[in-house]
Amino acid sequence: MSTPSVLFVCVHNAGRSQMAAAFLTHLAGDRVEVRSAGSAPADTVNPAVVEAMKERGIDISAETPKILTTEAVQASDVVITMGCGDTCPVFPGKRYLDWQLDDPAGQGVDAVRPIRDEIEQRVRDLLAELDIPATT
């Protein structure tokens with residue numbers, strides 16, 4: 001079986017999609033190809049998100065928000081949107097999931113933690129659906 005490819009999309013690619021991509025990379029290793037992007041990327045990843053992930057032993061301080069491209073969507077098997085609305089391109093044959101999550105933008109670490117924890121659980125559920133055991 002080929003390696004499944006997952007793309008996480010939110011508006012700024014500075015919080016939710018970065019956390020989801022980091023958890024999937026952390027839990028699946030090289031068994032899943034992971035991408036994240038934003039329809040209107042921010043300049044930097046949200047510092048509270050970086051801090052919240054560091055508490056879980058995952059360092060995303062070197063990540064930078066990336067622009068969503070048609071090519072990234074076409075190259076992905078599963079596209080998971082997180083509040084980007086109609087700006088996400090839709091292609092036939094792709095699996096689309098929309099995760100309704102609070103936006104961590106402008107929030108402190110205390111507000112980011114429950115969002116982080118919900119994302120981790122959803123990523124673990126996704127791995128189970130893909131029949132890929134989590135490494136931790």
Side-chain angles (χ1 to χ4, degrees):
M1 180 181 153
S2 64
T3 303
S5 174
V6 178
L7 170 65
F8 294 102
V9 182
C10 65
V11 176
H12 300 298
N13 190 220
R16 294 167 289 188
S17 55
Q18 291 282 355
M19 287 190 281
F23 273 124
L24 187 53
T25 300
H26 180 72
L27 295 169
D30 59 3
R31 294 170 297 159
V32 177
E33 188 178 343
V34 181
R35 296 181 182 87
S36 72
S39 51
D43 293 329
T44 59
V45 175
N46 180 334
V49 167
V50 172
E51 185 62 33
M53 292 301 287
K54 192 178 291 179
E55 292 174 357
R56 288 299 178 88
I58 301 173
D59 182 6
I60 62 169
S61 61
E63 295 296 327
T64 55
K66 293 169 277 307
I67 185 74
L68 175 64
T69 64
T70 302
E71 294 76 22
V73 177
Q74 289 175 318
S76 300
D77 300 312
V78 181
V79 179
I80 299 174
T81 57
M82 304 169 177
C84 70
D86 297 334
T87 58
C88 297
V90 175
F91 293 96
K94 305 293 175 196
R95 179 171 173 211
Y96 289 88
L97 300 171
D98 185 46
W99 291 357
Q100 297 293 324
L101 297 159
D102 292 334
D103 189 347
Q107 304 288 324
V109 174
D110 289 343
V112 171
R113 284 185 189 112
I115 302 168
R116 173 202 64 199
D117 295 346
E118 184 173 349
I119 289 171
E120 180 182 11
Q121 187 55 57
R122 288 180 186 223
V123 167
R124 287 180 181 278
D125 293 345
L126 176 67
L127 281 170
E129 286 175 35
L130 295 173
D131 201 25
I132 297 171
T135 56
T136 54

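- In summary, the side chains of Ser36 and Asn13 do present a donor paired with an acceptor at a separation below 3.5 Å, with no hydrogens or angles considered.
- Residues Phe8 and Val79 form no side-chain contact, since every pair of their non-hydrogen atoms from C-beta on lies 4.5 Å or further apart.
- Counting heavy-atom neighbours within 6.0 Å of Asp125 CG, excluding the residue itself, gives a total above 12.
- At least one side-chain heavy atom of Ile60 sits under 4.5 Å from a side-chain heavy atom of Val45.
- A distance of 9.0 Å separates CE in Met82 from CG in Asp98, rounded to the nearest 0.5 Å.
- No side-chain N or O of Asp117 forms a donor-acceptor pair with one of Gln121 less than 3.5 Å apart.
- Here the side chain of Thr135 pairs a donor or acceptor atom with the backbone of Leu27 at under 3.5 angstrom.
- Residues Met19 and Ile58 are members of one and the same hydrophobic cluster, defined by side-chain heavy-atom contacts under 4.5 angstrom among Ile, Leu, Val, Met, Phe, Trp and Tyr.
- In this structure a side-chain-to-backbone donor-acceptor pair under 3.5 Å is present from Arg16 to Leu101.
- The existence of a salt bridge linking Arg56 and Glu51 is excluded, since no basic side-chain nitrogen approaches an acidic carboxylate oxygen closer than 4.0 Å.
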message: For Arg116 and Glu120: C-alpha separation, side-chain torsions, deciding distance, then whether salt bridge (Lys or Arg N to Asp or Glu O under 4.0 Å) applies.
response: CA-CA 6 Å; Arg116 173 202 64 199; Glu120 180 182 11; 5.8 Å; no

- prompt: Given the rule in the side chain to side chain contact (heavy atoms under 4.5 Å, CB included) test, do Leu7 and Leu68 qualify, once you have shown the distances and angles that lead to the verdict?
  reply: CA-CA 10 Å; Leu7 170 65; Leu68 175 64; 4.0 Å; yes

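- Checking Ser76 against Arg35 by side-chain atom types alone, a donor-acceptor pair falls below 3.5 Å.
- Of all the heavy atoms in Ala75 and Lys94, the pair that sits closest is N-NZ, 4.5 Å.
- At distances below 3.5 Å, not a single donor-acceptor pair connects side-chain atoms of Ser5 with backbone N or O atoms of Val32.
- Counting only heavy atoms from C-beta outward, the side chains of Thr64 and Pro41 never approach each other to under 4.5 Å.
- Two residues are said to be in side-chain contact when any heavy atoms from C-beta on lie closer than 4.5 Å; Val78 and Leu97 meet this criterion.
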